[in-house]
Peer 1: 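Below: one structure in structure tokens.
All ligand and atom numbering here is 1-based and tracks the order in the structure.
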Amino acid sequence: TRLCVDACARGWHEANGGNLSYRLDEDDLVALAPLLEPESQWHGLKRAVPELAGAHVLMSASGAYLSNVAYDPSHICGIIQLDACGESWRACWGFADDARPSSELETHLAAYATALRAGDGADRVVYHAHAPHVIALSTLIEPSPRAWTRTLWRTMTEGIVVFPQGIGALPWMVPGSPELAEATCELMAVHRACVWTQHGIMARAAGFDEAFGIIDTVEKSAGIHLGARAANGGAEPRHLVSDEQLRAICERYGLTPNEGFLD
Ligand code: 2HA
Ligand code: ZN
């Protein structure tokens, strides 16, 4: 709820833009057991996620306004359970009045599967936001992980501290499509966040604060870059953090940066 309120106040979720999910842990399941009433009907997934066999996931609903989460949680989101093979899901709580999980459900599930395969099993939150400066910058720079990572790392010192593995970036793709899910997950095996050109950004993290924090840092540095560029007549700003300085930050804070993005 806190994340949704903060993110909506920042203008990241116009209308039904964006979506959010949380993979429940054992303690959550014990606490919520009295509330869970599985429906009998199972729904097949286009792409199976065997890594998530039997998992329960809280997911925002299709068409739901995230700004309403605090007032009307059982319509705005719901909990699904995956079957023992990770091939289909059924609703266990919420999704009142025939609401359905977000169109990005398969992207979220694939992101959890990717995190588990990458050894980041602690990642329990996947979050997608229509962050305006990210979208604006995506109309100016090429959709490559290297271009995005270097632009942001060199604009604001904190960038490499928050996302030392860099960020992913994809060219424009149809929202909610299996192609977008597939391409996002490939990049999110390495990066915790992935930019969707002219659309927004998706992140995976251990908790809600971390997921919000990654997107907030990317969004803030994208905004600073745009402002600096505009103040410089549209040209690339002249005084950016150097590769030597980026390495010095990593040394000081014991970070292992993605070497492919340093010169
Ligand atoms: O929830 O943001 O990408 C609507 C969307 C789809
Ligand atoms: Zn979106």
Peer 1: Compute whether any side-chain donor of one residue and acceptor of the other, for N19 and S60, lie under 3.5 angstrom apart.
Peer 2: no
Peer 1: Non-hydrogen atoms closer than 4.0 Å to ligand 1: which protein residues do they belong to? List them by chain and number, please.
Peer 2: N16, G17, G18, N19, E104, H128, H130, H199
Peer 1: Would you say the rings of Y127 and H13 are close, in the sense that their centroids are separated by under 6.0 Å?
Peer 2: yes
Peer 1: As a test of understanding, state which of M156, E236, R154 forms a side-chain contact (heavy atoms from CB on, under 4.5 Å) with H225.
Peer 2: E236
Peer 1: Report yes or no: do W196 and T184 form a side-chain donor-acceptor pair below 3.5 Å?
Peer 2: yes
Peer 1: Taking atom types as modelled and ignoring hydrogens, do the side chains of H130 and H199 form a donor-acceptor contact shorter than 3.5 angstrom?
Peer 2: yes
Peer 1: Do the side-chain N and O atoms of H133 and E219 include a donor-acceptor pair separated by under 3.5 angstrom?
Peer 2: yes
